[in-house]
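Let me begin by presenting the structure, written as structure tokens, before commenting on it.
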Protein chains: 2
Amino acid sequence: MDSQDNETTYHAGKYRTPDGAPADIVIFTITSTEKQGTKKSLPHRELQLLLIKRKQWPFAGQWALPGGFSRETETVHECARRELLEETGVADVHLEYFNVYSTPKRDPRGWIISHAFFALVNEKYLEKRRAADDAAEVRLFPVREALSMELAFDHRQIVQDALRRIREKMLTTTIAKQFLPGQFTIGELYQVIQTVCPDFEEPNFIRKITSTQSRKGLIEEVKDAAGQPLMSNKYSQRAAQLYCFTGLEPQLSIYS
Amino acid sequence: MDSQDNETTYHAGKYRTPDGAPADIVIFTITSTEKQGTKKSLPHRELQLLLIKRKQWPFAGQWALPGGFSRETETVHECARRELLEETGVADVHLEYFNVYSTPKRDPRGWIISHAFFALVNEKYLEKRRAADDAAEVRLFPVREALSMELAFDHRQIVQDALRRIREKMLTTTIAKQFLPGQFTIGELYQVIQTVCPDFEEPNFIRKITSTQSRKGLIEEVKDAAGQPLMSNKYSQRAAQLYCFTGLEPQLSIYS
DNA sequence: GCAATAGTGTCTCTTAGACATTATGTG
DNA sequence: CACATAATGTCTAAGAGACACTATTGC
């Protein structure tokens, strides 16, 4: 041990250093399209993700995740937030880090370690952007379609990992609220969960979520100023009770 | 868009690049020490983590997480695996990535983005190493004590985040097995969970884990060659049934 | 026979899960 | 009055949660 080591004897340049630390963002949204027919009905929902067509080498012309290099003056999280704002024009959305990708030679430009985030964006924020699309260089793709495409870099793997992660979080946290309006019907909530997790099925869903003691408090009925239950008949003839999330985040356990 | 961009016109050196991408590892273990007294009893267990005393600038003389810079020829995960082997001499342990730390100026040596892992090491693997300690430059600290110390860099924050993460995973996955022998008693399992999650309490633990249908299959009774239940009286006069994990990883949901 | 852990009996109230049924109101 | 969604009724079997109780055996 050389206790005389200090700032003046430290040589930072001894080793090879990375050529960049970008943030890449898997931006998810759920689109809803009205079903054909005159009767009121729930819309068709689909999980989509936003891709951009690369303009430069490498992978020019191929679809890729939005992202960009982080700077010395910001965290990678701030970088992702900045890129998200540039790509979608939205600031206040759920943005979460989930993994690092550092396989050697994953990027032909050099030693580039990518930090992957996912964002959950309500479709209402993306509507303005849609109109401003510059010749389809930015587009939403249904998740299944995106996974069947040949994406730039290792972005297919990143998308797959992100999808696995949000499927897990959809069932264990309240991220469903990111895809819903502040007030929603049980039917909408159920549909959003199923859109992300196709295997989810719960015949007595409404009872579990509203009257089971262990889950009580997760969502609550919305009432108007007079204390009367607020209803909506947007999707059905019979009006449905509106609910909102309470902010409670349940702790799960396999042992109890 | 300049479609003529290609490898020959790409200039990697235009921007400032990071000065390093290390992996830091929060190595957890649970020590068990025999209680005083002649009667057979469960040991006292304590969650500990391994720290090293820094020899060089910066933070020379202060305790820090083990770790080291990753190389261009390896992933950060491989780097962490390598460092773990160097520090503890063990290879086959649970090692998991959990976060990135990139706050500007977090490291006085420059722009250094750290990748944080946690490792769960059974104390039996650390026993050899303990003897080989070179003048207490490597030591186990009880988690509470480590969190009250002034650690190098932002390592206190990293430890806190790691602790929160393993507490969550202790209750939602079967990582408890990392701290247990292949065959264990219900009492041991219960104690390991409580050592990591002090708030965990489950009066009817044995019944839930062995006879509740929804949890059946998580662990199973160990039987000998003749099909007789294998028991252990290591901790008690009355022999206890030995169990092992089955490999099943339950999927939890707040909606069902 | 005490200490320390292992494990069972028993009781009440709640929940799970399955299915059938009723409610609503517009086209 | 058909349709699509919303919500309730009803039943059985299973589980939660509490607490008292028995079991084992080295010391």
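Every chain is numbered from 1, with letters handed out A, B, ... down the list of sequences.
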Report task. Inspect the surroundings of CD in Glu86(B) and state if more than 12 heavy atoms from other residues, nucleotides or ligands are less than 6.0 Å away. Result ->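 Enclosed: over 12 neighbouring heavy atoms sit under 6.0 Å from CD of Glu86(B).
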Query raised in the report: Considering residues, nucleotides and ligands other than Lys234(A), do more than 12 of their heavy atoms fall under 6.0 Å from its NZ?
Result: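 Incorrect, the count does not exceed 12.
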Query raised in the report: Of all residues at least two apart in sequence or in a different chain, which pass the side-chain hydrogen bond (donor to acceptor under 3.5 Å, both in side chains) check with Gln48(B)?
Result: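 side-chain hydrogen bond (donor to acceptor under 3.5 Å, both in side chains) check on Gln48(B) returns Thr31(B).
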Query raised in the report: Quick one: side-chain hydrogen bond (donor to acceptor under 3.5 Å, both in side chains) partners of Gln191(A), sequence neighbours excluded?
Result: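 In terms of side-chain hydrogen bond (donor to acceptor under 3.5 Å, both in side chains), with neighbours along the sequence ignored, Gln191(A) is linked to Arg45(A).
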Query - Stretch residues 221-229 of chain A: residues that reach within less than 4.0 Å of DNA chain C through a heavy atom - result: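 Going residue by residue through residues 221-229 of chain A, none turns out to have a heavy atom under 4.0 Å of DNA chain C.
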**Report entry** Selection: residues 185-208 of chain A, any non-hydrogen atom under 4.0 Å of DNA chain C
**Finding:**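 When residues 185-208 of chain A is checked for heavy atoms under 4.0 Å from DNA chain C, the hits, listed by number, are Asn204(A), Lys208(A).
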Requested in this report: For the residue pair Ile219(B) and Cys244(B), establish whether any side-chain heavy-atom pair is separated by less than 4.5 Å.
Outcome: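 Ile219(B) does not reach Cys244(B) side chain to side chain.
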When the distance from [atom1] of [X] to [atom2] of [N] is rounded to whole Å, what number comes out?
X         : N       : atom1 : atom2 : answer
Tyr235(B) : dG7(C)  : OH    : P     : 14 Å
Met231(A) : dT5(D)  : CE    : C1'   : 12 Å
Phe184(B) : dT5(C)  : CZ    : C1'   : 17 Å
Ile209(B) : dA16(D) : CD1   : P     : 11 Å

Below 3.5 Å is the cut-off: list the nitrogen or oxygen pairs between protein and nucleotides 23-25 of chain D, distance only.
residue	atom	partner	partner atom	Å
dA23(D)	O4'	Arg238(B)	NH1	3.2
dA23(D)	N3	Arg238(B)	NH1	3.1
dT24(D)	O2	Arg238(B)	N	3.2

Output all residues satisfying salt bridge (charged side-chain N to carboxylate O under 4.0 Å, His left out) with [X], sequence neighbours left out; order by chain, then residue number.
X         : result
Arg238(B) : none
Lys177(B) : none
Glu220(B) : none

Report task. Could you pull out all residues at least two apart from Ala119(A) that satisfy side-chain contact (heavy atoms from CB on, under 4.5 Å)? Result ->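 With neighbours one apart ignored, the set is Ile25(A), Ile27(A), Leu84(A), Leu95(A), Val121(A).
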Query raised in the report: Taking only residues at least two apart or on different chains, which pairs with a member in residues 190-205 of chain A satisfy salt bridge (charged side-chain N to carboxylate O under 4.0 Å, His left out)?
Result: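 Of all non-adjacent pairs touching residues 190-205 of chain A, those that pass salt bridge (charged side-chain N to carboxylate O under 4.0 Å, His left out) are Glu202(A)-Lys208(A).
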Report task. Decide side chain to side chain contact (heavy atoms under 4.5 Å, CB included) for Phe179(A) and Phe184(A); before the verdict, give the C-alpha distance in whole Å, the side-chain angles of both, and the deciding distance to 0.1 Å. Result -> CA-CA 10 Å; Phe179(A) 294 125; Phe184(A) 50 87; over 6 Å; no
Please tabulate, one pair per line, all N/O donor-acceptor pairs under 3.5 Å involving side-chain atoms of residues 247-256 of chain A, not counting sequence neighbours.
residue	atom	partner	partner atom	Å
Glu249(A)	OE2	Thr174(A)	OG1	2.4
Gln251(A)	NE2	Glu249(A)	O	3.3
Ser253(A)	OG	Tyr255(A)	N	3.0
Ser253(A)	OG	Ser256(A)	N	3.4
Ser253(A)	OG	Ser256(A)	OG	3.4

Query raised in the report: Do Asp161(B) and Tyr101(B) have side-chain atoms, one donor and one acceptor, less than 3.5 Å apart?
Result: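 Side-chain D/A pair, Asp161(B) to Tyr101(B): present.
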Could I get a table of every N or O pair under 3.5 Å where one atom is in the protein and the other is in nucleotides 13-15 of chain C?
residue	atom	partner	partner atom	Å
dT15(C)	OP1	Gln213(A)	N	2.6

